[in-house]
Amino acid sequence: MQTSLKIAVVGSGLVGSLLAIYLKKAGHTVHVYDRSPDIRKINFSGRSINLAMSNRGWKALDGVGVGDSVREIAIPMDKRAIHLVDKLNFQNYGQEGESIYSISRGTLNRKMIDLAEQAGAEFLFDQKIWDVTLSDATLHIGETERGEWEEKKYDMVFGADGAFSRIRHRMQRQSMFNYSQEFLNMGYKELNIPANTDATHKLDKNSFHIWPRGEYMLIALPNLDGSFTCTLFMPFEGENSFASLTDRKMVEDFFTKNFPDSIEVIPKLAEDFFKNPTSTLVTMKCFPWTYEDKIALIGDACHAIVPFYGQGMNAGFEDITVLNEMIEEYGDDWKKIFSEYQLSRKPNADAIAELSYRNFMEMSTKTADEKFLLQKKIEKAFSDKYPEKWIPLYSRVTFSDRPYAEALAIGDFQNGIMEEILKTDNIENIWNTPEIDNKILQLLQNA
């Protein structure tokens with residue numbers, strides 16, 4: 001237990017709620033502010049990509065004893081289901097028994113707020129934070145940005161308020177604060193596959209479904225009620241884009257041509273397409289993440305990434321794991337805690353941002369490429385035989401808690417070896433032979 005402080009967490013999303021539990025367990029008074037209404041009292045839909053919980057996320061949840069409560073609302077996915085125009089391929093994620101877990105964002109967020117309240121955190125909704133005084137951790141709250149503000153003084157403030165954080169906005173006005181944001185020229189839109197009449201799933205429920213089509217793609221993740229949350233990723237402008245689909249017939253014709261096996265399972269396709277918003281995808285980087293021992297950013301507020309590795313929430317939860325390790329090591333020395341936290345996490349946040357961007361290319365294009373699929377088969381076969389010598393990149397990111405930066409570096413090294421292997425004559429027929437195994441072993445030894 002630390003010396004008790006009065007701490008404000010700005011943002012009641014997934015990271016803010018879990019952070020509140022950790023801070024309560026450490027002995028602090030915790031107030032969680034959010035400018036939106038209580039998500040448990042409103043309908044949450046139309047703007048979501050289902051979450052894919054993996055090892056890093058579970059470690060953070062289990063670290064404070066709430067993992068089993070979340071497992072009750074999660075569905076394991078042990079493979080990709082790759083929907084080509086004319087056939088369906090399956091690709092296992094990891095070793096036997098390794099899965100990522102589909103969870104509805106809204107369902108998990110409600111659960112996390114309940115768990116944080118049970119731990120003793122107090123939530124204050126419909127509270128608009130417009131500014132923070134960095135030097136003394138004072139929040140400035142009001143109905144409007146230019147109206148009258150109320151001041152709330154704290155010992156410490158955590159900004160867990162997402163990619164467009166108001167807490168970071170104030171920190172950006174310091175000298176020597178580095179900041180960048182980069183939007184993809186594509187967005188996403190939520191669609192829905194309803195359950196069968198008997199509440200079963202229309203598609204295999206233990207698969208992450210992908211319809212890869214190069215510049216655009218569709219994905220679908222299962223929900224507990226038998227439905228799937230689908231997400232369509234497309235450019236904003238151009239030939240095959242959101243701008244090019246302007247009426248019901250155009251949408252239905254586009255899906256019939258490009259996603260033929262999805263038409264019969266998305267009955268409200270056009271209705272959802274025009275009802276649900278088209279959302280943007282942004283990578284945001286900044287540094288420093290902290291101000292003395294008063295202010296710290298966490299989660300998307302300091303490292304928003306695109307969703308193509310399913311690691312946004314997992315990376316945010318891992319921030320909390322690392323912060324807690326620093327708390328256990330340095331006790332009440334919050335300056336040291338904050339300094340070590342940001343130095344530990346910044347290189348790994350940058351690495352998962354890069355990996356997430358690359359994984360879009362893999363999901364949208366390479367999963368439909370025969371050479372890529374062969375590479376994955378070779379890697380898996382070799383890894384099964386020599387698990388101590390080769391852990392595939394995806395497994396390093398998803399099924400371990402080794403640093404993201406390490407996974408990126410080793411992944412690049414392994415890819416160089418695979419490029420050499422794929423140049424082998426007749427590789428399509430001899431990929432799973434001692435000759436290829438020995439060649440990989442030789443390349444590893446020469447490195």
Practice item. Look at the rings of Y93 and F399 and say which category their plane angle falls in: under 30° parallel, 30 to 60° tilted, over 60° perpendicular. Key: perpendicular

Point to revise | Parallel, tilted or perpendicular, as decided by the 30° and 60° cut-offs, for the rings of F338 and W334 | key: perpendicular

Review point. Are any side-chain N or O atoms of N185 and backbone N or O atoms of E237, one a donor and one an acceptor, separated by less than 3.5 Å?
Key: no

Practice item. State whether the side chain of S356 and the backbone N or O of I352 hold a donor-acceptor pair below 3.5 Å, judged by distance alone. Key: yes

**Study point:** T278 and K189 side chains, donor-acceptor separation under 3.5 Å
**Key:** yes

Exercise for review: Could you tell me whether the side chain of N92 and the main chain of K79 form a donor-acceptor pair under 3.5 Å?
Suggested key: no

Exercise for review: Tell me, with the steps shown, if F177 and F287 meet ring-ring contact (aromatic ring centres under 6.0 Å, His included).
Suggested key: CA-CA 6 Å; F177 187 95; F287 199 79; 8.5 Å; no

Point to revise | Atom pair CG (L88) and NE2 (H209), whose distance is rounded to the nearest 0.5 Å | key: 8.0 Å

Check your understanding: Just wondering, more than 12 heavy atoms not from E182 lying within 6.0 Å of its CD?
Key -> no

Point to revise | From CG (D161) to NE2 (H169), nearest 0.5 Å | key: 11.5 Å

Exercise for review: With rounding to the nearest 0.5 Å, note down the distance linking CG in D114 to CD in Q118.
Suggested key: 6.0 Å

**Study point:** Any side-chain donor near an acceptor of the partner, K202 and N196, under 3.5 Å
**Key:** yes

Practice item. Assess the side chains of N415 and D412: does a donor N or O sit below 3.5 Å from an acceptor N or O? Key: no

Review point. What closest approach, in Å, do N314 and S54 show between heavy atoms, and which atom pair accounts for it?
Key: OD1-N, 3.0 Å

Review point. Near N438 CG, under 6.0 Å, is it more than 12 heavy atoms from other residues, nucleotides or ligands?
Key: yes

**Study point:** Residue among D34, V9, L108, I113 satisfying side chain to side chain contact (heavy atoms under 4.5 Å, CB included) with S17
**Key:** I113

Review point. Should K275 and E271 count as an ion pair when the cut-off is N to O under 4.0 Å?
Key: no

Practice item. Any chance you could measure K385, atom NZ, to I440, atom CD1, to the nearest 0.5 Å? Key: 8.0 Å

Point to revise | Check against side-chain contact (heavy atoms from CB on, under 4.5 Å), K111 and I73 | key: CA-CA 9 Å; K111 169 79 78 173; I73 58 171; 4.2 Å; yes

Exercise for review: Please determine if K423 and E420 form a salt bridge, counting it only when a charged side-chain N lies under 4.0 Å from a carboxylate O.
Suggested key: yes

Exercise for review: Verify whether one side chain among N50 and S102 offers a donor that lies under 3.5 Å from an acceptor in the other.
Suggested key: yes

Study note, to complete from the structure: Heavy atoms of M326 and S344 approach each other most closely as CE-CB, 4.1 Å

Exercise for review: State whether the side chain of S99 and the backbone N or O of Y101 hold a donor-acceptor pair below 3.5 Å, judged by distance alone.
Suggested key: no

Practice item. Identify which one of D319, N348, D350 satisfies the side chain to side chain donor-acceptor pair (under 3.5 Å) criterion when paired with H303. Key: D319

Review point. Does the distance from a Lys or Arg side-chain N to an Asp or Glu carboxylate O, for E318 and R345, drop under 4.0 Å?
Key: yes

**Study point:** Value rounded to 0.5 Å, distance of CE in M418 from CG in L393
**Key:** 12.5 Å

Check your understanding: Under the side-chain contact (heavy atoms from CB on, under 4.5 Å) criterion, do L281 and F308 qualify, and how do the steps go?
Key -> CA-CA 10 Å; L281 296 164; F308 302 116; 3.9 Å; yes

**Study point:** Flag if over 12 foreign heavy atoms under 6.0 Å of CD, Q174
**Key:** yes

Review point. If you draw the axis of the six-membered ring of W58, does the NZ or CZ of R71 fall within 45° of it and under 6.0 Å from the ring centre?
Key: yes

Review point. For residues Q181 and Y179, is any side-chain donor paired with an opposing acceptor at under 3.5 Å?
Key: yes

Practice item. For V64 and I320, run side-chain contact (heavy atoms from CB on, under 4.5 Å): C-alpha distance rounded to whole Å, both residues' side-chain angles, the deciding distance at 0.1 Å, then the answer. Key: CA-CA 11 Å; V64 76; I320 300 171; over 6 Å; no

Point to revise | Close aromatic pair by centroid cut-off 6.0 Å: Y309 and Y357 | key: no

Exercise for review: Answer with yes or no whether the side chains of N223 and K205 bring together a donor and an acceptor at under 3.5 Å.
Suggested key: no

Review point. Between the side chains of D261 and W211, does any donor sit under 3.5 Å from an acceptor?
Key: yes

Check your understanding: So, Q342 versus T290: side-chain donor-acceptor pair below 3.5 Å or not?
Key -> yes

Review point. Would Q311 and Y404 count as having a side-chain donor-acceptor pair, cut-off 3.5 Å?
Key: yes

**Study point:** R402 backbone acceptor or donor facing R396 side chain under 3.5 Å
**Key:** no

Point to revise | K285 and E354 ion-paired at < 4.0 Å | key: no

Check your understanding: Looking at D401 and R56, does any basic side-chain N land under 4.0 Å from a carboxylate oxygen?
Key -> no

Review point. Is there a donor-acceptor pair under 3.5 Å between the side chain of D62 and the backbone N or O of G65?
Key: no

Check your understanding: Sub-3.5 Å donor-acceptor pair from the side chain of N206 to the main-chain atoms of D78, do we have one?
Key -> no

Point to revise | Centroid-centroid distance, F208 to F228, less than 6.0 Å | key: no

**Study point:** Reported SG-to-CG distance for the pair C230 and N192, which is rounded to 0.5 angstrom
**Key:** 6.5 Å

Exercise for review: For the residue pair F254 and Y216, categorise the inter-ring angle as parallel (less than 30°), tilted (30 to 60°) or perpendicular (more than 60°).
Suggested key: tilted

Study note, to complete from the structure: What one should report as the nearest heavy-atom pair of S207 and D204 is OG-OD2, 2.6 Å

Check your understanding: Crowded around K25 NZ? As in, over 12 foreign heavy atoms under 6.0 Å?
Key -> no

**Study point:** Side chain R213, main chain N258, donor-acceptor under 3.5 Å
**Key:** yes

Review point. So, are D253 and K249 salt-bridged, with charged N and O less than 4.0 Å apart?
Key: yes

**Study point:** Flag, side chain of R80 to backbone of I210, donor-acceptor distance under 3.5 Å
**Key:** no

Review point. Any side-chain donor paired with an acceptor under 3.5 Å for T424 and K439?
Key: yes

Review point. Donor-acceptor pair, S241 side chain versus G238 backbone, under 3.5 Å?
Key: yes

Review point. Going by heavy atoms in the side chains, are L191 and T231 under 4.5 Å from each other?
Key: no

Practice item. Anything under 30° is parallel, anything over 60° is perpendicular, the rest tilted; go ahead and classify F183 against F164. Key: parallel

Point to revise | N446 and Q442 side chains, donor-acceptor separation under 3.5 Å | key: yes

